[in-house]
Enquirer: 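Before I ask anything, let me first share the structure, which is written out below as structure tokens.
Each chain gets a letter, A, B and so on, in the order its sequence line appears, and its residues count up from 1.
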Protein chains: 2
Amino acid sequence: MDSEVARDRALDAAEKLFYGRGIHSVGMDDIRSTSGLSLKRLYQLFPAKEQLVEAYLERRDVAWRQRLAAHVDRCTDPRERILSVFDWLRLWFLEPDFRGCAWINSYGELGATSPRVLAQVRAHKQAFRAYVAGLVADAELPEPLGGQLYLLAEGAMVTAGIEGSAEPAVQAGLAAGLLLEAYR
Amino acid sequence: MDSEVARDRALDAAEKLFYGRGIHSVGMDDIRSTSGLSLKRLYQLFPAKEQLVEAYLERRDVAWRQRLAAHVDRCTDPRERILSVFDWLRLWFLEPDFRGCAWINSYGELGATSPRVLAQVRAHKQAFRAYVAGLVADAELPEPLGGQLYLLAEGAMVTAGIEGSAEPAVQAGLAAGLLLEAYR
DNA sequence: CCTCGGGGAGAACCGGCGTTCTCTACCGTA
DNA sequence: TACGGTAGAGAACGCCGGTTCTCCCCGAGG
């Protein structure tokens with residue numbers, strides 16, 4: 001089997017299991033049986049579990065931000081683009097296997113013990129915040145709004161995960177609309 | 001030694017270690033050496049680690065909400081009381097051992113595997129949200145504002161933990177002020 | 001046909017940790 | 001002094017899970 005394909009299968013299994021059940025509750029044997037790869041192959045691709053974890057977070061980071069951007073790009077009006085972020089959050093929250101933000105969860109699990117995971121969490125969040133700030137700048141709105149909308153989005157993610165509901169995205173979207181008005 | 005005192009020492013150690021390093025990275029031996037209790041005594045008080053975790057979250061829940069309420073009660077004006085929530089968050093974030101919200105972190109670590117911890121996280125967050133909603137009702141402001149302020153606070157907690165900064169409390173407080181104006 | 005390298009299956013190893021057990025010291029009491 | 005009960009220190013046990021090793025098959029090349 002091609003090495004690329006094997007890597008994808010390993011990462012598919014890792015994403016499904018790590019995101020769904022948490023990282024430390026998933027063993028390499030679980031990754032093996034879900035991916036269909038042998039342990040030997042797995043350890044050829046990722047010499048240790050931590051590297052599999054890092055690769056999982058990295059691949060998901062790229063995919064997550066691409067999906068968000070693709071949704072936002074369906075709008076052209078700068079204000080609509082801002083509000084469509086919360087629209088997309090709602091769609092994400094509604095996915096059946098949604099279980100909160102993978103990076104916030106990883107921070108809770110490994111933030112205190114794995115500097116590399118902590119760095120990835122920070123990088124992901126900074127990228128998201130920069131993206132929101134870019135949308136705000138495109139709409140020629142004042143800069144502090146970016147951070148405030150970012151906090152609303154983070155609060156919605158955390159709450160949607162804990163409560164298992166998509167409602168926080170709606171609430172956050174309403175608040176975002178009010179803030180846009182306030183800064184008009 | 002009095003059983004009450006021993007229980008307090010165990011919970012002091014549990015809180016310091018579980019909150020500071022995460023739950024699964026702390027062993028019962030760490031609890032023993034930090035608390036100064038013998039393993040035998042520890043297991044008399046808490047028959048299993050999970051019960052120590054639950055007691056830790058429960059005690060911290062009571063203390064956290066008391067501290068918040070005590071700060072808010074220093075104001076009488078209903079609007080100031082609302083904004084003082086974010087004021088208190090900033091003070092909390094500035095504490096030297098601050099490492100994010102204990103319940104959000106616990107959700108990341110155990111939310112998928114421990115129904116009892118998940119229930120405690122939900123109960124704590126519901127209590128906090130109800131508290132904020134009560135402040136909003138006291139100020140005779142419309143009900144949706146409560147959920148929006150709650151999301152801002154959650155976003156600030158998560159971001160302050162990940163970034164290691166108290167700034168999110170200020171940003172969230174500014175956004176809260178704008179929302180108060182918007183609903184005036 | 002023989003050989004040899006790579007890969008798969010799963011056992012084996014080993015350290016960590018939750019939990020229990022053993023041994024000993026100590027203290028109050030007859 | 002003898003004794004029973006309690007508590008502490010820490011070894012022991014058992015399981016789990018990350019990592020490595022063994023054994024076997026198979027396919028390519030001579």
Enquirer: D:dA9, D:dT19, C:dT19: which one has an atom nearest the side-chain heavy atoms of B:S38?
Expert: D:dA9
Enquirer: Got more than 12 heavy atoms from elsewhere within 6.0 Å of CZ, B:R116?
Expert: no
Enquirer: Do we see a donor-acceptor contact under 3.5 Å between the side chains of A:Y183 and A:Q148?
Expert: yes
Enquirer: Nearest whole Å is fine: how far is C:dG8 P from A:R41 CZ?
Expert: 5 Å
Enquirer: Select one nucleotide: of D:dT20, D:dA7, C:dT19, the one nearest the side-chain heavy atoms of B:Q44.
Expert: D:dA7
Enquirer: Within this structure, what is the CG-to-P distance between B:L17 and C:dG18, rounded to whole angstrom?
Expert: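 Rounded to whole Å, this separation is 12 Å.
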Enquirer: Given atom CG of A:L52 and atom C1' of D:dT19, what is their separation to the nearest angstrom?
Expert: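 Interatomic distance, CG of A:L52 to C1' of D:dT19: 14 Å.
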Enquirer: To the nearest Å, how far apart are A:K40 NZ and D:dC23 C1'?
Expert: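 For the pair A:K40 NZ and D:dC23 C1', the rounded distance is 10 Å.
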Enquirer: Under 4.0 angstrom, heavy atoms only, what part of the nucleic acid is B:K49 near: base, sugar-phosphate, or nothing?
Expert: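 Here B:K49 touches the backbone only, sparing every base.
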Enquirer: Take the protein atom CG of B:D30 and the nucleotide atom P of C:dG16, then report the distance between them rounded to whole Å.
Expert: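 Rounding to the nearest Å, CG of B:D30 and P of C:dG16 are 12 Å apart.
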Enquirer: Nearest nucleotide by nearest heavy atom, which residue falls closer to the 5' end of DNA chain C, A:L39 or B:G27?
Expert: A:L39
Enquirer: Any donor-acceptor pair under 3.5 Å between the side chain of B:R32 and the base of D:dG10?
Expert: yes
Enquirer: Given the ring of B:F46, does B:R41 sit roughly above its face, with NZ or CZ under 6.0 Å from the centre of the six-membered ring and within 45° of the axis?
Expert: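 No, a cation-pi geometry is absent between B:R41 and B:F46.
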Enquirer: Mind calculating the distance between CG (B:L45) and C1' (C:dT19) to the nearest angstrom?
Expert: 15 Å
Enquirer: Please report the distance, rounded to the nearest Å, between CD1 in B:I31 and P in C:dG18.
Expert: 9 Å
Enquirer: A:D29 CG to C:dA9 C1': how many Å, rounded?
Expert: 11 Å
Enquirer: Should the ring pair B:H124 and B:W64 be called parallel, tilted or perpendicular, given that the plane angle runs from 0 to 90° and is split at 30 and 60?
Expert: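 Answer is perpendicular, since the angle exceeds 60°.
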